[in-house]
2 protein chains.
Amino acid sequence: MELDERKTTILQAIIKNYLETGEPVGSRTISKYTDLNLSSATIRNEMADLEELGYIVQPHTSAGRIPSDKGYRFYVDTMMSEHEKEVEQLKDVLLEKEEKLDHMLKQAAKLMAVNTNYATMVTAPRSKRNTLKFLQLSRMDESHLLAVIVIEGNLIKNTVIEVTESLDDETMLKLNILLNTHLNGLSVEEISLGTIASLKGQAGMYGPIIAEVIDAVAETIKEDEDLEIYTSGTNNIFKYPELSDNQKASDLINAFEEKQLLTQLIDENSEEGSNEIKVYIGEESPIQTMKDCSIVTANYEFGDGMRGMIGIIGPKRMDYDKVVGTIKTIKSQLDTMYKKDN
Amino acid sequence: MELDERKTTILQAIIKNYLETGEPVGSRTISKYTDLNLSSATIRNEMADLEELGYIVQPHTSAGRIPSDKGYRFYVDTMMSEHEKEVEQLKDVLLEKEEKLDHMLKQAAKLMAVNTNYATMVTAPRSKRNTLKFLQLSRMDESHLLAVIVIEGNLIKNTVIEVTESLDDETMLKLNILLNTHLNGLSVEEISLGTIASLKGQAGMYGPIIAEVIDAVAETIKEDEDLEIYTSGTNNIFKYPELSDNQKASDLINAFEEKQLLTQLIDENSEEGSNEIKVYIGEESPIQTMKDCSIVTANYEFGDGMRGMIGIIGPKRMDYDKVVGTIKTIKSQLDTMYKKDN
DNA sequence: GTTAGCACTCTTTTGAGTTGAGTGCTAACA
DNA sequence: TGTTAGCACTCAACTCAAAAGAGTGCTAAC
């Protein structure tokens with residue numbers, strides 16, 4: 001038995017209706033809802049077939065049908081993309097203000113949440129290859145030096161270093177030249193103990209300062225590696241009764257707060273098939289606590305091999321069209337952003 | 001009628017019991033619970049008095065009593081401070097690692113959440129008087145300058161500025177001297193249009209760069225003013241049935257995510273009576289959506305007139321002793337932190 | 001192939017009855 | 001005068017059965 005056109009229409013109608021109401025859909029509803037002009041009895045026959053095929057399930061014998069994961073999957077794969085229209089509005093909002101990256105990503109997460117009424121996440125872009133691009137040591141006041149560390153991809157960090165005595169301009173210059181000539185372009189793996197020892201030797205009495213700077217560099221690069229994640233719309237979870245019973249809601253909120261859990265999603269997503277939009281339905285989700293949810297994710301590129309992820313998490317009956325549209329828009333905005341931002 | 005000693009004891013017993021169980025407390029329970037050796041009937045009489053005095057209320061005629069806001073208030077004001085013991089453990093954890101400020105505050109919020117099982121918040125320290133302490137312009141690569149801006153209190157921001165042509169070392173030096181001599185120590189209000197015009201004039205063809213730098217300075221100072229807030233333990237809300245019905249939980253989670261709402265708390269708290277620990281019970285809360293909660297807050301000093309806030313939000317029947325103890329500990333840790341951190 | 005109709009199933013709602021915790025009040029006691 | 005025992009009363013919470021309602025599967029007829 002295969003899915004003929006009529007079955008497809010009915011399946012589509014069931015899913016659409018269920019997306020709207022969240023209630024199991026009965027045969028009579030479909031009989032009136034579609035323009036097939038079939039009686040509820042006929043629909044019942046078809047629904048029995050669809051159930052046998054695994055596209056829909058019955059929560060209990062005398063209830064209507066709801067889509068199974070397979071049903072959603074079919075819907076997502078074949079029936080989507082209608083209303084990419086209202087998404088247009090999003091485009092400008094993000095561009096409106098050239099914010100700091102930090103703010104921009106927060107903004108992106110929020111924008112998606114407001115637009116879709118689901119929970120959303122955005123990870124900061126990060127690069128596989130973290131090398132030192134630029135390093136500057138300056139005198140801030142008598143007893144403090146400021147080390148500015150720029151990582152490939154323009155991630156910038158500052159560290160304040162305490163010194164016991166003030167350094168003169170010439171020393172500062174020498175230290176800067178020393179550091180830059182030896183360290184530029186190196187990744188944390190490439191900065192060997194040998195390099196460090198040699199640098200310290202050349203710095204003479206300023207060896208301890210050099211050591212501190214190098215520590216800071218290592219820490220900065222490492223820090224970049226443990227990921228920043230921005231989330232928004234967490235409390236949208238409460239809008240969907242099937243997610244808002246206490247245990248589930250608590251688990252979900254927890255996953256969003258303990259952002260660590262979300263990294264499973266990122267790992268899953270960062271490697272292959274990198275440029276497409278992925279849809280995880282129910283049990284397909286890499287995150288166990290989200291098996292009652294659907295997750296839509298995409299990667300964005302930020303130039304220089306930097307990439308981040310955006311994702312929307314909602315109930316299985318989420319509005320896939322809209323979510324995919326939103327993700328697409330935000331993705332393309334972020335994709336083009338770095339060109340004007342670096 | 002006044003609160004005599006016996007009434008106080010009974011009130012204390014009622015509150016203690018209610019804190020533990022979360023259920024209304026009956027006269028028989030108290031009769032057995034305390035060592036007063038009074039029958040439940042006597043207790044009932046006293047409880048009727050306490051209710052008349054407004055310290056306890058009855059959810060409905062045939063239920064036990066629960067503390068009113070006034071009752072909690074009395075409890076907090078008079079009966080607290082017993083077990084500051086177990087709090088000791090916290091002290092070391094924070095000191096364990098000298099993290100970046102950012103990480104440290106996150107850590108502080110989390111620590112409090114884990115320790116108390118309530119929701120917590122920590123704001124980044126900020127200063128009333130935001131003046132420019134140090135400004136450095138450096139050449140990052142051919143087409144990009146890096147401006148490092150240090151605000152009084154060692155808040156550091158970086159901005160990348162795009163330039164069409166590479167600048168030579170001498171120009172860089174001149175610009176740096178120009179900027180520092182004219183801007184150092186000024187607040188954003190003090191940098192007048194006159195100052196800016198004069199600077200631009202002196203910079204000649206590099207006027208546009210100066211303008212961009214000044215913009216960045218203004219933005220940095222302003223950005224410092226819209227506050228960063230770290231939260232943790234949000235999902236602890238679900239542990240307290242009286243807060244975890246859908247509407248309340250949703251509102252609370254929302255308040256924590258839309259950190260903006262929390263600023264009401266900060267405004268309330270930043271001005272006067274600055275150095276004490278404040279306890280808001282129920283309706284006393286400055287945040288409307290938290291009127292079913294209690295909030296405990298304190299300010300911490302970060303040197304240079306910088307100050308931030310820490311707070312714990314939980315059900316009205318929170319363990320006030322423990323919460324106040326935890327807040328005290330974290331506060332004192334943060335108070336002493338800046339000395340070794342700047 | 002489609003439909004009407006009916007018996008059947010199962011959830012949800014409703015309401016009555018029961019239980020149990022707790023109170024207020026009164027009368028008696030010390 | 002303060003304390004207590006006892007009793008009638010209240011009310012939320014629980015249980016249980018009945019009724020309602022939504023929806024199905026199946027059969028027979030069109």
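Every chain is numbered from 1, with letters handed out A, B, ... down the list of sequences.
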Residue pair [X] / [Y], side-chain heavy-atom distance below 4.5 Å:
X      : Y      : answer
A:Y118 : A:D319 : yes
A:T231 : A:L262 : yes
A:E242 : A:K248 : no
A:I310 : A:T120 : no

For A:T42, enumerate each residue passing the side chain to side chain donor-acceptor pair (under 3.5 Å) test, keeping only those at least two apart in sequence or located in another chain.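 Result, side chain to side chain donor-acceptor pair (under 3.5 Å) vs A:T42: A:S39.
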For B:T116, all residues meeting side chain to side chain donor-acceptor pair (under 3.5 Å), sequence neighbours excluded: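 Once residues adjacent in sequence are excluded, B:T116 has no partner under the side chain to side chain donor-acceptor pair (under 3.5 Å) criterion.
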Spell out protein contact along nucleotides 11-19 of chain D as letters: B when the base is contacted, S when just the sugar-phosphate is, - when no protein heavy atom is under 4.0 Å; keep the 5' to 3' order. BS-------
Starting at [atom1] of [X] and ending at [atom2] of [N], how long is that distance when rounded to a whole Å?
X     : N      : atom1 : atom2 : result
B:R28 : D:dT4  : CZ    : P     : 14 Å
A:I30 : C:dT2  : CD1   : C1'   : 18 Å
A:N37 : C:dT3  : CG    : C1'   : 13 Å
A:Y18 : D:dA22 : OH    : P     : 19 Å
A:D49 : C:dG1  : CG    : C1'   : 13 Å
A:R65 : D:dA22 : CZ    : C1'   : 13 Å

Strand-adjacent residues in residues 38-48 of chain B, judged by heavy atoms under 4.0 Å from DNA chain C: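 When residues 38-48 of chain B is checked for heavy atoms under 4.0 Å from DNA chain C, the hits, listed by number, are B:R44, B:M47.
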Given pairs defined as Watson-Crick or G-U wobble with both distances under 3.5 Å, what dot-bracket annotation applies to DNA chain D, with ( ) intrastrand, [ ] crossing, | other strand and . unpaired? ||||||||||||||||||||||||||||||
Who passes side chain to side chain contact (heavy atoms under 4.5 Å, CB included) against B:Q264, sequence neighbours left out?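 Side chain to side chain contact (heavy atoms under 4.5 Å, CB included) check on B:Q264 returns B:L261, B:I287.
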Closest to the A:Q58 side chain, choosing from C:dT2, D:dG23, D:dT24: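 Closest nucleotide to the A:Q58 side chain: D:dT24.
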Parallel, tilted or perpendicular: which fits the ring planes of A:Y18 and A:Y72, with parallel below 30° and perpendicular above 60°?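 Tilted: the ring planes of A:Y18 and A:Y72 meet at 30° to 60°.
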In plain terms, say whether A:E283 and A:K70 are close enough for a salt bridge, that is, a side-chain N and a carboxylate O under 4.0 Å apart.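 Judged by the 4.0 Å cut-off on N to carboxylate O distance, A:E283 and A:K70 do not form a salt bridge.
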Under a 4.0 Å N-O cut-off, is there an ion pair linking A:K110 with B:E258?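 Yes, charged N to carboxylate O under 4.0 Å.
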